[in-house]
Amino acid sequence: MDPEKVEEYLIQNPQFLDAYVTKNVDQEMLECWLLDRHKIAQSRKSSLSRWKFGAAGAGTAAAAEPKKNMLQELAKSLQKTNSRVGSVMWELAVCIASAVSADSFILYLADKREGTLCKFNIINNATGICYPDSIVYNNGGSGEAARIYSMREGLTMASYVGQRRAPLRLSRSEADARFPDGVGENAESQNAYHILCHPIIRADGDLSGVIELHRNNINSPFYAEDEEVVNSYVVWGGIALHYAELNAVMNKSKKLNEFLLDVVRSIFQDMVSMDTLIKKIMNFAQKLVDADRASLFLLDNKKQELYARLFDMGGGQDLGVSPENHASQSAPTKEIRFPIGTGIAGQVAATGQVLNIPDAYADERFNRAVDQITGYHTKSILCMPVFIRSTVIGVVQMVNKRSGTFTQGDEEAFQTFAVYCGLALHHAKLYDKIRRSEQKFKVALEVLSYHNTCNENEFEKFKAEGVPHTVIGLDDFYFVPMTVDDNQKVHYALYMFIDLFGLIRFDMDELYRFVLTVRKNYRRVPYHNWQHGFSVANSMYCILKKSSAFRPLECLALFIGSLCHDLDHRGRNNKFMMDVGSPLAAIYTTSTMEHHHFNQTVTILQQEGHNIFSKLSSEEYKQVLGNVKHCILATDLALFFPNKARLQDIVDREAFSWGLPDHRLLIEAIAMTGADLCASSKPWDAQRETVKVIFEEFYEQGDFEKRAGRIPIPMMDREKQDEQPASQVGFLSGICIPCYTLLESLIPESRPLLDGVQQNLDRWKGLADEQTAIKAAKAAEEAEEAKEEESKNEDAAVNGDTEPNEDSNSNPPTPTESRKSSTSKSLQKQASLSVPVNQTNIISCSGRPK
């Protein structure tokens, strides 16, 4: 019989050993045995003392040598690893096993959230089993399937130590009721004679794991001194664990940030279509959590359904579902749709909560029909909602993690990723809307272009009629455009253009098309119509024709700017457009209509066969177009006042110079205002007729404001027509006279404009005086009537007559009453001859309600 079997028999039968020693061993032998045992104990204590304090009598350096060697060995080991927590604990366990002369060991990692222990192995320097962070940092390690031990139940020695957080020693012969499953199913534990289990606790008090040390020699049990050595290693190793955890967190954050940066760069740089974006999102999601398949379902709020055209992404391919082949790895022919609340994805869409399901078929919420359609077997699922503005817009579903199941680390990383998914999907939807709107805009532009562009019949007709050789009186400031029909104005406009600029650098066909289309783009409003545009262009033609103040390209910009300055005017002023929230006001916050007029001008120039500037050089084209914009914007009266103040100051200081670009721009602006207000300088009859149509346009705006519940200004109120002459006096004297006075000081040839305004001002003053007299007479008449009524009431009260006016209709009027009535009628007739009934106050003699 060999000694090991004898020893095993004695361990298993301690009663026999006790009886045998008592009967056969004398006292002297027992004392020798006790002495030997004491020497062995002293030897263990001396060994521990040497590890702690060095050899007896040694110096300080020698005393610290064991710890120094241990730390150096641990540090070297850490440098060779990737400094992850599991790797650090493994190296620490190797050092501990070496320090206590253990034959083998098992390292268990703790999962704080689940309250479990899991065996940890490193095979070929790669993490293999149950490492919690392996989801994000998969290093390709391999290993056997590991069992999870619950620390809450504490059925094994290791789980019991993890639960109690205290070391424990055990020999094979000792059964312990505290952990019924003993040392567990590990072969190393079952073959060991002696086991020491020690918890590994971090500085913050959390459990990192449990180390289980084994000795296979029956005569080499673990003692308290071994526990102390292990504890010393764990304390020093805790520092390494702490920094390893910090490093792991930093590396994890760094890799996640790099991953998200790639996501953002890829998604937002190439936002071509929704399908392309969905493919990218699913590919990135697969990489993030190491999933085999990825699906992205979008939410259809109208139908309360989830849908997907690209159902699965896996292995670089997308699964399109068709009724014929169920799982076709080609372009999808049919959407997958199902109601919110159906299946895992439907539940997530309904609740907005994350679902992490380790076994899909064990969960009653799993919709097996999807697997039946695709022919795919689903095991584990991580499903997460995608939000935008706290509203679920989709659901991302990860299927079958390649190593184990989805963990808390996956959820946290994917929640961050889902934020970027939401933003990308939101912007992709906006991009799709913008793209569709752009296409709709192009279609609308084509339709409008067709209807707002002169047709070939018009072009051929006008071209056949030709431009007149001469037009008498067209260069007269007092020319009245309303005496010419709209068709003839087209020929006159072309005549003025050719007279100013010739045809050397311009194409006649383009001029015809341009002017005809400009005419077509003036709306049929009472005043700001084609006639007004032509009238302003004619006034500018007179200025340019009679003076040589401006350069050729400036003249071109001034004339075209005048002709186009009110294109597509709606008969409403800028303030009205702002008040009603017009789309134009949203586009142009200042000089709303003027910006629109210029934009319309550019649109016409861009039409085929309409670019009258096509023969200009690129530099000339840029200069002219910039000048046209400046000229059209200058017709906003809100800009007239600062322009006039600046130029007036320069003129008053005698600092004006035609050589300075800024000064030239200012005089161009004043010239545009003067041409725009030219109706105020026309002969009186033309002025009166123009005022009629101006105020009809104003009244239409005032009527609209009343219907909207707003009170229009008096100038636009039909019920206050009697205030018009006085307001005209204020406008002509406050705006027109200063404008033409300043213009005449720099361009003397414009003097007729100032003279015409002055004459009309005198006529308006006369009407204003007459209107004042009418108001005074009416007020006096009303006062007299009130006085007589009061007198009659007093007489009736004295005579006791309670119905003094019972038969008043049959009484003839008194001589006094007849005389007053005759006076009132005479004044009213005089007023009707002086002022048209439908005239009211005016802000601008040219009718610009801006």
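Here the structure is a predicted model, which means the values were calculated and not measured. Reckoned from all heavy atoms, side chains included, excluding hydrogens, waters and symmetry mates.
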Trace of the side chain to side chain donor-acceptor pair (under 3.5 Å) decision for Q531 with D486: CA-CA 7 Å; Q531 177 171 294; D486 286 351; over 6 Å; no
Pair K706, D717 - check salt bridge (charged side-chain N to carboxylate O under 4.0 Å, His left out), show working. CA-CA 9 Å; K706 286 181 179 179; D717 193 343; 2.7 Å; yes
Ion pair E689/K692, N-O distance below 4.0 Å: yes
Could you tell me which residues satisfy side-chain contact (heavy atoms from CB on, under 4.5 Å) with Q415, sequence neighbours excluded, listed by chain and number? V354, M384
Less than 6.0 angstrom separating the ring centers of Y541 and F497, yes or no? no
Could you go through K461 and E456, starting from their C-alpha distance and side-chain angles, then the distance that decides it, and tell me whether this counts as salt bridge (charged side-chain N to carboxylate O under 4.0 Å, His left out)? CA-CA 8 Å; K461 175 186 174 182; E456 285 302 310; over 6 Å; no
Below 4.0 angstrom, N of the basic side chain to O of the carboxylate: do D579 and K575 qualify? yes
Tell me if the aromatic rings of F338 and F297 count as close, with their centers under 6.0 Å from one another. yes
Does CD1 belonging to I711 count more than 12 external heavy atoms closer than 6.0 Å? no
Heavy-atom neighbours of F641 CZ exceed 12 at 6.0 Å: yes
Residues forming a side-chain contact (heavy atoms from CB on, under 4.5 Å) with E305, sequence neighbours excluded: K303, R337
Could you tell me whether the side chain of Q600 and the main chain of H597 form a donor-acceptor pair under 3.5 Å? no
Begin from the C-alpha positions of E697 and R572 and carry the test salt bridge (charged side-chain N to carboxylate O under 4.0 Å, His left out) through to its verdict. CA-CA 8 Å; E697 188 172 289; R572 306 288 188 266; over 6 Å; no
Would you confirm whether D566, through its side chain, and Y522, through its main-chain N or O, come within 3.5 Å as a donor-acceptor pair? no
Is K615 salt-bridged to E620, going by a charged N under 4.0 Å from an acidic O? no
If the condition is side-chain contact (heavy atoms from CB on, under 4.5 Å), which residues does R570 pass it with, not counting sequence neighbours? R523, D568, M577, L584, M593, H596
Over 12 non-hydrogen atoms of neighbours within 6.0 angstrom of CD in E608: no
Does atom NZ of K489 have more than 12 heavy-atom neighbours from other groups under 6.0 Å away? yes
